[in-house]
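Data first, discussion second: the structure below is written as structure tokens.
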Amino acid sequence: LKRKIAVLPFEDRTEFTFERFGEVIADRLAKRMEDKVFTSLVMDREMVRHSLATLGVNFEDLRDPSKATVLNKALGVQGVIAGAVYGPFVTTTTPSEYEKVSMAIVRVTVQFIDTARGRLVKEFVATNPLAGSEEFGVLSEERAKYRAVDLAIDQILAQLVGEIQGMGWLTRIALVEGKTVYLNAGHRTGLKKGDLLEVYAAGDVAGTTSIGRIKVSKLFGADAAVAQ
């Protein structure tokens with residue numbers, strides 16, 4: 001089953017340029033996770049933003065692990081990826097008789113937050129190798145920047161895949177009507193009709209004492225289910 005992960009826009013910490021790569025890194029990281037990390041389900045950022053707005057919360061609030069728990073309670077999100085970006089910084093040379101050569105370096109600080117427990121799981125820095133970003137030609141500066149970003153994202157994923165896979169899967173009960181239970185997880189998460197799920201008290205996120213069991217009877221919407 002897939003763990004729901006929210007990738008927040010990264011803070012831009014580079015003050016002397018009009019370019020902003022915080023959203024770029026978040027978008028490219030989310031896309032790479034969708035393609036490579038099959039145990040995660042990356043949440044649509046606009047849907048998360050809208051849900052937070054109804055609760056009077058914004059993305060900045062989620063950088064505080066104790067406040068990030070609101071995403072777990074509201075949407076069943078298990079992890080938040082946040083951070084800050086410095087750069088990319090570009091160096092360009094034009095050797096005589098050769099085309100222009102550009103290289104770039106970017107530094108990204110990353111925090112991975114467990115929203116069920118409200119704690120910071122991991123914090124690290126990713127910096128791309130300068131030589132790996134080398135690009136040639138008229139548009140070499142722009143290509144080098146994005147090459148640096150992608151190399152840094154590779155490092156971020158290498159650090160996060162194990163953490164995501166090591167998280168025990170859980171979801172939240174959105175609504176109870178008599179003996180019918182509505183879950184904020186369904187087809188996209190990987191649930192199937194007939195699945196049996198253990199139920200734990202709201203505060204027992206470690207899953208120590210089961211208080212019952214429910215059976216998935218129907219999947220509906222993009223990612224929701226009914227169980228009894």
- line: For S102 and V90, the nearest pair of non-hydrogen atoms, with its separation, is CB-CG1, 4.2 Å
query: Do the side chain of Q155 and the main chain of T127 share a donor and acceptor less than 3.5 angstrom apart?
result: yes
task: Sort and list the pairs that fulfil ring pair (Phe, Tyr, Trp, His ring centres under 6.0 Å) and have at least one residue in residues 143-183, not counting sequence neighbours.
output: F21-Y146
- prompt: Can you name the nearest heavy-atom pair linking A82 to R63, along with the distance?
  reply: CB-NH1, 3.4 Å
query: Side chain of T14, backbone of G87: donor and acceptor closer than 3.5 Å?
result: yes
task: Please answer: with hydrophobic residues joined when any side-chain heavy atoms are less than 4.5 Å apart, are L219 and I173 in the same cluster?
output: yes
query: Is T115 reaching over with its side chain to a backbone N or O of V77, donor-acceptor style, under 3.5 angstrom?
result: yes
Flag, side chain of E135 to backbone of E142, donor-acceptor distance under 3.5 Å: no
field: Min side-chain heavy-atom separation R32-D154 under 4.5 Å
entry: yes
query: Does A84 offer a backbone N or O that forms a donor-acceptor pair with the side chain of T109 under 3.5 Å?
result: yes
statement: Distance col, row R117:CZ vs Q78:CD, nearest 0.5 angstrom, shows 8.5 Å
query: Within the side chain of D204, is there an N or O that forms a donor-acceptor pair under 3.5 Å with the backbone of A201?
result: no
- prompt: Roughly how far apart are T93 OG1 and M103 CE, rounded to 0.5 Å?
  reply: 6.5 Å
query: Does the S133 side chain pair with the main chain of A144, one donor and one acceptor, at a distance under 3.5 Å?
result: no
message: Show the nearest heavy-atom pair for residues A227 and I214, with the distance to one decimal.
response: CB-CD1, 3.8 Å
query: Name the one of T171, N72, D223 that satisfies side-chain hydrogen bond (donor to acceptor under 3.5 Å, both in side chains) with N184?
result: T171
field: Residue pair K2 / T39, side-chain heavy-atom distance below 4.5 Å
entry: no
- prompt: Going by heavy atoms in the side chains, are F10 and V110 under 4.5 Å from each other?
  reply: yes
message: Do I81 and V121 sit in one hydrophobic cluster, given that two such residues count as connected whenever their side-chain heavy atoms are within less than 4.5 Å of each other, even indirectly?
response: yes
task: Find out if a path of hydrophobic residues (ILVMFWY) with successive side-chain heavy-atom gaps under 4.5 Å connects L191 to L41.
output: no
message: For the backbone of M167 and the side chain of R3, can you confirm whether one donor and one acceptor N or O come within less than 3.5 Å of each other?
response: yes
- request: Compare all side-chain heavy atoms of L52 with those of L62 and state whether any distance is below 4.5 angstrom.
  value: yes
Heavy-atom pair with the smallest gap, counting every atom of V108 and A152: CG2-CB, 4.3 Å
query: Does F112 have any ring-ring contact (aromatic ring centres under 6.0 Å, His included) partners at least two apart in sequence or in another chain, and if so, which?
result: none
query: Is it true that D27 and K31 have a side-chain N and a carboxylate O under 4.0 angstrom from each other?
result: no
Check: I105 and N128 side chains under 4.5 Å, non-hydrogen atoms: yes
Cluster link V42 to I156, ILVMFWY, side chain under 4.5 Å: yes
- line: The reported gap from CD in E34 to OG in S40 (rounded to nearest 0.5 angstrom) is 8.0 Å
message: Taking NZ in K100 as the centre, count heavy atoms belonging to other residues, nucleotides or ligands within less than 6.0 Å. Is the count above 12?
response: yes
query: Does any non-hydrogen side-chain atom of E134 lie less than 4.5 Å from one of V101?
result: yes
query: Backbone N or O of A74 within a donor-acceptor pair of the R172 side chain at under 3.5 Å?
result: no
statement: Between the NZ atom in K122 and the CD atom in Q111, the distance rounded to the nearest 0.5 Å is 13.0 Å
- prompt: How long is the gap from CZ on R45 to CG on L8, to the nearest 0.5 Å?
  reply: 8.0 Å
query: Closest approach of P9 and F59, non-hydrogen atoms and distance?
result: CD-CD1, 3.7 Å
message: To the closest 0.5 Å, what do you measure between CD1 (I153) and CG (L160)?
response: 11.5 Å
field: ILVMFWY cluster, V7 and V161 together (side-chain gap under 4.5 Å)
entry: yes
- line: Note: A104 and A148 closest approach over all heavy atoms is O-CB, 3.6 Å
query: Would a distance-only check, ignoring hydrogens and angles, find a side-chain to backbone donor-acceptor pair under 3.5 Å from D64 to D61?
result: no
query: Side-chain contact, heavy-atom cut-off 4.5 Å: V149 with R28?
result: yes
field: Non-hydrogen side-chain atoms of V199 and V181 separated by less than 4.5 Å
entry: no
query: Counting heavy atoms not belonging to K193, are there more than 12 under 6.0 Å from its NZ?
result: no
- request: Assess whether side chain to side chain contact (heavy atoms under 4.5 Å, CB included) is satisfied between L183 and L197, documenting all intermediate values.
  value: CA-CA 11 Å; L183 306 174; L197 304 176; 3.6 Å; yes
